[in-house]
Amino acid sequence: MSRWELGPILRAMTRNKVGAILIALQIAVTMTIIVNAAYIIVERHTMMQRDSGLDEQNSFYLTTTGFGADFEPKRVITEDLDLIRRTPGVVDAIQINAIPISGGGWSMSLTTETGDDADDVNTANYMTDEHGSNALDFNIIAGSDFVASDVRWRERNQTDWPDKALVTKALAESLFPESPWQESVGKTVYIAEDEPVIITGIIDKLQAPWIGWSNLEHAMITPEYLVSESTRYFIRTEPGQRDRLMAELESTLADKYPNRIIRDVTTLTDTRERSYRQHSAMITILTTVMFLLTLVTAVGIVGLTSFNVNRRKKQIGTRRALGATQGAIIRYFMLENLLISAGGLLLGVVLTIALNMALIEWFSITALDWFYIPIGVVVLWVVGQLAVLGPALRASRVPPAIATRTV
Amino acid sequence: MLIMTNLEKTFRTDLVETHALRDFNLEVKEGDFVSVTGPSGSGKTTFLNIAGLLESYTGGTYMLDDYNVATLNDKQRSRLRNEKIGFIFQSFNLIPDLNLFDNVDVPLRYRGLGSAERKKRITESLEKVGLGNRMKHLPSQLSGGQQQRVAIARALAGEPRFLLADEPTGNLDSQMAKSVMTLLKEINLQGTTIIMVTHDPELAMQTSRNVFVKDGKICDAADVHTMPLASNQ
């Protein structure tokens with residue numbers, strides 16, 4: 001261990017500390033920012049990977065708006081759905097009031113008891129028919145699916161609700177936390193404080209329209225068609241047929257009823273991309289900041305070490321004359337950087353925790369997982385050692401004969 | 001102990017070829033105190049660099065304690081420098097950020113000696129040069145003469161067989177030069193072989209043997225009293 005010169009390096013650093021302190025501070029700030037940024041990136045990335053429950057690769061939707069005095073919504077919707085479902089390549093199609101993860105939809109409060117002082121649970125509400133499970137690709141994991149006779153027409157301004165509903169497993173668990181979710185089948189929940197709805201089935205997964213919502217996994221499906229001139233169809237296709245059918249169905253529907261406008265023909269993959277665009281941009285920005293900060297720190301270390309190598313050329317030559325091998329010279333500079341980094345990283349750990357606490361306070365993010373800190377320490381330590389390697393190798397090539405030069 | 005036979009050192013650039021040493025023959029025996037004199041540019045420092053394994057040579061042979069220097073790699077040369085050779089430089093070459101203790105400690109750490117052994121050697125060598133009570137001082141807090149004494153202590157701590165001194169009194173006034181020279185003679189009397197490059201004929205006269213170098217060759221290895229006076233440029 002005597003070869004490691006730890007003590008002399010530390011003592012020498014205390015007599016020449018400005019550069020070392022600046023680099024240590026830079027390392028501390030870099031660590032603080034990149035660890036918190038990495039945590040936010042992973043959190044956002046995990047959020048973006050959440051499963052909506054839909055067959056996103058093979059689904060799209062479109063909006064059709066009819067006009068004219070003789071436009072009959074019920075007839076057109078029924079015939080449209082029949083036409084779409086019979087089109088080769090279509091797995092299934094439904095009319096739906098809102099699209100999962102799209103950013104716009106319906107929500108409501110459910111209670112398990114009547115009365116205005118009962119605790120409520122918020123949920124998204126989708127209205128569709130008995131084809132919902134096939135089109136939206138969910139499974140009934142308890143109870144039973146809708147049948148055609150369950151489905152009713154909801155007129156404009158109609159405020160009452162069907163007497164049955166499907167709910168997601170997550171919603172069932174929130175509504176009845178005291179009992180297993182399977183036992184929610186047959187139980188009654190209340191809309192608008194006193195309108196009863198019986199849960200007839202539990203579905204495995206279907207996300208709400210709002211990706212930033214804390215109740216994203218809460219969804220309720222009621223068996224209804226909406227009577228409206230403007231309606232939205234959700235279409236699930238066989239693999240590889242989506243893009244063809246988007247164009248084909250837009251044209252077929254327009255030909256069938258020319259007195260309407262078809263718009264917003266959109267894939268679910270585009271919808272996901274649009275909904276998560278802010279998160280995606282955040283990841284790009286934070287990754288760039290992390291990269292630049294690490295680069296600036298590495299350049300700072302290269303600069304300081306190169307300066308030290310140039311300033312100490314004669315000293316390096318003298319050390320070589322006194323018996324230092326090339327390896328010993330490399331080790332000296334690596335160890336010196338290690339000590340500077342250690343100081344910076346120690347301060348960085350404190351600042352990282354402090355910044356995370358501030359972010360929790362200001363933006364309500366969750367607390368940093370502990371393992372990000374040692375990973376950050378190791379990454380910056382490795383970056384520091386790699387940055388110092390070039391100048392250290394240059395130092396090791398300083399010829400020992402320089403020791404005898406007087407100028 | 002140190003035998004150079006037909007040693008040559010040529011510096012080459014694209015345009016010029018400079019013979020720093022040619023047909024250089026020298027044998028130094030154990031216990032010798034050899035001074036090397038000669039005009040500026042005569043090859044004295046090149047000789048010292050090669051003798052101290054700081055620089056390679058381009059021809060001839062150099063045997064140091066039965067080692068054929070040409071066959072050694074960089075690591076072996078470093079080890080040989082560390083274990084057998086002590087250096088004293090004209091401008092002392094102390095490390096300014098280290099105190100005297102740590103300065104003397106530098107070569108001992110490269111040898112891998114234990115802490116207790118190093119401390120003993122450092123204390124003894126600094127006391128030997130009269131600076132035992134200044135171990136925590138920085139070089140900048142000492143006079144030139146004292147700094148050169150620290151450099152001598154650093155060389156002595158490694159208990160070298162050779163001491164190579166490059167103008168050891170070149171940056172000192174006459175009084176300090178005298179005391180450093182006295183110290184070197186004491187060291188030589190204790191058995192250490194010393195090779196000293198100097199411009200100063202007064203100093204050369206105090207050594208047991210003088211080698212006069214001119215144009216990269218030894219011109220005269222005669223008794224110091226019959227040698228030509230070195231140029232003092």
Side-chain angles (χ1 to χ4, degrees), chain A residues 1-21 304-305 307-336 339-340 393-407, chain B residues 44-46 48-50 52-56 73-87 89-99 101-118 136 138 140 151 154-155 157-158 160 164 166-167 170-171 197:
Chain A
M1 282 303 285
S2 67
R3 293 172 195 268
W4 287 83
E5 301 183 80
L6 202 64
I9 291 173
L10 266 174
R11 288 190 284 279
M13 265 166 37
T14 59
R15 296 188 185 102
N16 218 332
K17 46 185 172 270
V18 178
I21 287 174
L304 179 73
T305 315
F307 172 73
N308 280 336
V309 168
N310 287 334
R311 190 171 60 90
R312 298 181 195 162
K313 255 189 181 155
K314 183 143 189 175
Q315 191 186 119
I316 295 164
T318 303
R319 284 177 181 275
R320 294 278 284 129
L322 297 177
T325 58
Q326 289 186 311
I329 298 296
I330 293 169
R331 190 173 60 218
Y332 181 93
F333 283 98
M334 303 288 265
L335 192 58
E336 187 179 60
L339 291 171
I340 294 170
L393 282 168
R394 261 203 321 278
S396 74
R397 290 193 285 268
V398 170
I402 209 167
T404 55
R405 287 186 200 155
T406 49
V407 287
Chain B
K44 301 188 299 292
T45 300
T46 303
L48 195 81
N49 285 345
I50 292 171
L53 315 182
L54 302 180
E55 210 167 299
S56 58
N73 62 28
D74 188 79
K75 197 171 180 179
Q76 290 166 322
R77 284 171 190 231
S78 297
R79 190 172 164 196
L80 215 56
R81 276 198 300 271
N82 182 257
E83 292 180 355
K84 292 189 182 291
I85 303 170
F87 286 95
F89 303 99
Q90 182 177 353
S91 45
F92 326 133
N93 291 22
L94 298 176
I95 294 166
D97 297 329
L98 298 181
N99 63 29
F101 186 96
D102 285 337
N103 260 290
V104 178
D105 195 20
V106 170
L108 304 183
R109 281 182 179 271
Y110 295 137
R111 199 179 294 187
L113 296 177
S115 165
E117 172 69 11
R118 291 193 339 257
K136 299 295 169 194
L138 290 173
S140 58
R154 180 175 65 188
L164 299 183
D166 182 21
E167 303 276 8
N171 285 356
V197 165

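Sequence lines set the chain letters: A, B, ... in the order given, protein chains first and strands last, and positions in each chain run from 1. Side chains included, hydrogens not; waters and symmetry mates left out as well; all remaining heavy atoms used. Not measured: the values here are computed from a predicted model.
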Part of B/Leu164 lying under 4.5 Å from any heavy atom of chain A | neither

All side chain to side chain donor-acceptor pair (under 3.5 Å) counterparts of A/Lys313, not counting sequence neighbours | none

Winner by heavy-atom pair count (cut-off under 4.5 Å) against chain A, out of B/Glu167, B/Glu83, B/Arg81 | B/Arg81

Would you mind telling me which of B/Val197, B/Asn103, B/Ile95 has the largest number of heavy-atom pairs within less than 4.5 Å of chain A?
-> B/Ile95

Which atoms of B/Asn171 come close to chain A, meaning under 4.5 Å heavy atom to heavy atom: side chain ones, backbone ones, both, or neither?
-> neither

Residue, of B/Arg77, B/Arg154, B/Lys75, B/Glu55, that accumulates the most heavy atom pairs under 4.5 Å with chain A = B/Arg154

Flag the one option from B/Ile85, B/Leu98, B/Thr45, B/Leu80 with the top tally of heavy-atom pairs under 4.5 Å to chain A.
-> B/Leu98

Please check if atom CZ in B/Arg79 has more than 12 non-hydrogen atoms from other residues, nucleotides or ligands closer than 6.0 Å.
-> no

Could you tell me whether B/Asp105 and B/Arg118 have a side-chain N and a carboxylate O separated by less than 4.0 Å?
-> yes

Can you find a heavy atom in the side chain of A/Phe333 that is under 4.5 Å from one in the side chain of A/Ile316?
-> yes

Heavy-atom contact with chain B under 4.5 Å, split by part of A/Arg319 = both

Could you give the side-chain donor-acceptor pairs of residues 320-329 of chain A under 3.5 Å, partners two or more places apart or in another chain?
unit_1   : atom_1 : unit_2   : atom_2 : d
A/Arg320 : NH1    : A/Ala324 : O      : 2.7
A/Arg320 : NH1    : B/Asp74  : OD2    : 3.4
A/Arg320 : NH1    : B/Ser78  : OG     : 3.1
A/Arg320 : NH2    : B/Asp74  : OD1    : 2.8
A/Arg320 : NH2    : B/Asp74  : OD2    : 2.9
A/Thr325 : OG1    : A/Ala328 : N      : 3.1
A/Gln326 : NE2    : A/Ser396 : O      : 3.1

Which pair of heavy atoms, one from B/Ala157 and one from B/Leu108, lies closest together, and at what distance?
-> O-CD2, 3.6 Å

With a 4.5 angstrom heavy-atom cut-off, could you sort out which part of A/Pro8 is near chain B: side chain, backbone, both or neither?
-> both

Under 4.5 Å heavy-atom distance to chain A, tell me which part of B/Asn49 shows up: side chain, backbone, both or neither.
-> side chain

Considering all heavy atoms, the nearest A/Thr404-A/Ala401 contact = OG1-O, 2.9 Å

